[in-house]
Amino acid sequence: MSLPIRLRITIWSVALLAIMMASLGAFVVIRLRADLVAGVDSTLATRASQIALGLRGPGEGEFQDVTDAALRQLPGSESAAQLLDPSGTVVERSGDAAAASPMIGADDLTAVRRGEPMHRTVKLGPDAEPFRILALQLPTSPERIVVVATSLDTVDASAGRLTTLLLLAGPGLLLVAGLGGWWLARAALAPVSRITQTAGEIGIERLDERVDVPATSDEIHDLAVTMNGMLERLERGVAEQRRFLADASHELRTPLAVMRSELEVNLRERGLPADARATLESVQEEIESMGAMVEDLLTLARADEGQLLLAPEPTDLHTSAARVREALATAAATSWVEVRLEGNGTPVFADRRRIEQVLRNLMANSITYAGRGGHVMVSTWTEAGSARCSVRDDGPGIPVAARAHVFDRFFRADPSRAHGGAGLGLAICREIVLAHGGHIQVTSEEGEGSTFTFWIPMRDGGAGSEDEAEPGSEGEEPGSAR
Ligand code: ADP
């Protein structure tokens with residue numbers, strides 16, 4: 001069953017209470033009826049003795065029944081009495097319910113003749129009303145048998161009244177118990193909801209946060225403490241991993257620089273055989289891309305440690321985009337991609353080198369994915385206190401499922417089509433834009449192309465809001481990073 005715990009606790013407690021109340025109610029009603037019947041039995045015994053006293057000897061005296069009902073002036077139908085002869089024939093009788101036939105059967109008659117007084121509940125009269133009867137031998141004349149009967153109407157009415165009362169009060173009590181149980185379960189589980197909410201909000205970037213530990217010494221306190229312990233271990237593990245990444249990338253820089261310069265020296269040799277030169281050039285290319293990856297890793301490691309130091313200066317997005325277009329001109333020409341630039345002065349106070357890194361990553365991707373004969377449009381503009389830039393291409397676009405992940409590290413939507421990158425370019429773009437207090441997002445439509453847009457606040461707190469649309473945005477479900 002997938003019901004919330006709160007509801008399950010409430011249902012179980014109400015069900016248990018209902019069973020207990022039903023059992024207790026049944027016990028009380030049965031006990032009350034038994035006690036009332038016992039009272040009736042003792043009244044019957046008194047009446048039988050009175051009748052016996054009236055009939056002092058065999059054949060003498062008077063059959064007289066002064067019943068409770070008669071004393072209380074109740075209708076005669078509520079009690080009856082008979083005097084039976086040895087053959088079981090009714091000799092005398094009183095009360096409406098006492099018919100000419102005996103109130104007890106032949107078997108009971110035999111048993112009573114053996115001297116055992118007998119109590120029974122029988123149905124008498126035309127309405128087959130329940131009566132309690134007592135049959136016994138006359139002590140003075142054992143041949144004769146006195147049978148006295150009293151209606152059980154009042155007993156049944158009392159038991160019925162109590163049953164009705166319990167049936168009326170029961171649901172009300174169960175409702176109160178249910179509401180109380182629901183409230184208690186809610187109050188008891190509220191800290192768990194708070195812990196769940198906080199834990200759900202803690203991502204890899206916020207591992208220094210902790211869940212609230214309730215000031216109690218119960219299971220929820222233990223849960224919060226355990227969860228905080230786990231977060232601490234995670235935080236330490238992630239920090240160690242980041243430090244390792246930073247140290248490793250840093251350490252790799254020097255040997256790569258040495259290899260790069262040694263290769264350059266060797267390639268300057270004039271008498272180098274052609275095949276050796278080709279090999280060295282290929283190695284040089286690999287070293288270049290390895291160097292770029294190490295730089296990327298170092299940038300990310302620094303961003304993770306909050307050490308992506310920016311050197312902000314008055315910058316112009318449009319000028320930077322023009323400069324990057326110039327730098328990528330050969331790549332664009334080789335791929336037969338036309339890169340156009342629109343917009344004019346877009347001043348911003350930012351780290352120019354880092355902003356151009358973002359522009360280079362976005363434009364290089366667009367040139368690659370636009371493919372032969374494709375088009376790339378770079379637009380810059382200012383809006384709502386932020387400098388904005390979008391890089392649009394008419395390439396294959398990004399599949400819907402991949403859109404939310406393109407800014408993740410080492411993510412490549414389609415590794416078979418990837419241009420040899422390690423999936424770090426957009427992750428770096430995101431870190432740089434975030435470090436500037438900005439925002440980056442992608443919109444795309446499969447088969448139509450992709451548009452990457454980022455914006456940087458021109459002043460502190462001037463970042464644009466998510467609902468502002470940039471010109472030329474297309475497609476649905478933007479993948480974004482903030
Ligand atoms: P890489 O260096 O491998 O390109 P990126 O982080 O720059 O890594 O890009 C991640 C993934 O996003 C790429 O592998 C590619 O699948 C997708 N991608 C990025 N830019 C574009 C684009 N302009 N058009 C289509 N897909 C893109």
Side-chain angles (χ1 to χ4, degrees), residues 245 249 285-304 308 321 324-325 327-328 331-332 334-341 354-379 389-435 438-454 470 472-482:
L245 188 65
S249 347
E285 242 173 63
E286 290 302 319
I287 284 178
E288 286 307 326
S289 69
M290 207 163 152
M293 199 193 294
V294 165
E295 285 307 319
D296 284 352
L297 285 174
L298 196 58
T299 305
L300 288 173
R302 282 181 179 155
D304 288 341
L308 189 64
V324 173
R325 181 172 71 151
L328 293 173
T334 317
S335 308
W336 293 86
V337 174
E338 186 195 354
V339 182
R340 283 196 289 140
L341 198 58
R354 291 294 187 188
I355 291 297
E356 286 182 10
Q357 191 178 359
V358 172
L359 285 164
R360 194 164 40 250
N361 284 349
L362 296 181
M363 284 161 75
N365 274 351
S366 284
I367 290 170
T368 307
Y369 290 100
R372 208 177 162 77
H375 301 86
V376 174
M377 170 64 86
V378 183
S379 315
C389 174
S390 72
V391 180
R392 188 165 83 235
D393 64 62
D394 53 2
I398 302 168
V400 180
R403 246 168 259 169
H405 301 288
V406 287
F407 296 102
D408 293 351
R409 292 169 192 190
F410 297 105
F411 178 83
R412 287 176 301 167
D414 182 358
S416 63
R417 275 211 313 230
H419 55 99
L424 293 174
L426 291 178
I428 286 178
C429 291
R430 181 182 67 164
E431 294 300 345
I432 294 174
V433 171
L434 289 183
H439 181 79
I440 185 166
Q441 71 173 39
V442 60
T443 52
S444 178
E445 208 162 283
E446 273 189 89
E448 300 283 317
S450 316
T451 304
F452 285 85
T453 308
F454 70 90
E470 83 281 14
S473 79
E474 54 185 79
E476 290 165 358
E477 294 191 38
S480 65
R482 187 178 275 277

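In each ligand, atom 1 is the first atom listed, and ligand 1 is the first ligand listed.
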*asked:* So is F452 touching ligand 1 or not, going by heavy atoms under 4.0 Å?
replied: yes

*What are the atoms of ligand 1, with element, lying closer than 4.0 Å to any heavy atom of I398?*
25 (C), 26 (N), 27 (C)

*asked:* Tell me whether ligand 1 is touched by D393 - counting only heavy atoms on the residue side and a distance under 4.0 Å.
replied: yes

*So is G395 in contact with ligand 1, going by heavy-atom distances below 4.0 Å?*
no

*Per the side chain to side chain contact (heavy atoms under 4.5 Å, CB included) rule, which among V358, I440, L362 passes with L426?*
L362

*Indicate yes or no: does an N/O atom of L426 lie under 3.5 Å from an N/O atom of ligand 1?*
yes

*Using distance alone, determine whether N365 and ligand 1 share an N or O pair under 3.5 Å.*
yes

*What part of A402 sits under 4.0 Å from ligand 1 if we count only heavy atoms: the side chain, the backbone, both or neither?*
neither

_ring-ring contact (aromatic ring centres under 6.0 Å, His included) against H375, all qualifying residues, sequence neighbours excluded_ = none

*Just by modelled atom types, is the E286 backbone N or O under 3.5 Å from a matching donor or acceptor in the S289 side chain?*
yes

*Please indicate whether any nitrogen or oxygen in G423 is less than 3.5 Å from any nitrogen or oxygen in ligand 1.*
yes

*Partners meeting side chain to side chain contact (heavy atoms under 4.5 Å, CB included) with T299 (sequence neighbours left out)*: L308, R354, Q357, I428

*Taking the inter-plane angle between the rings of H405 and F411 on a 0 to 90° scale, is it parallel (under 30°), tilted (30 to 60°) or perpendicular (over 60°)?*
tilted

*Would you say R403's side chain and S444's backbone share a donor-acceptor pair under 3.5 angstrom?*
yes

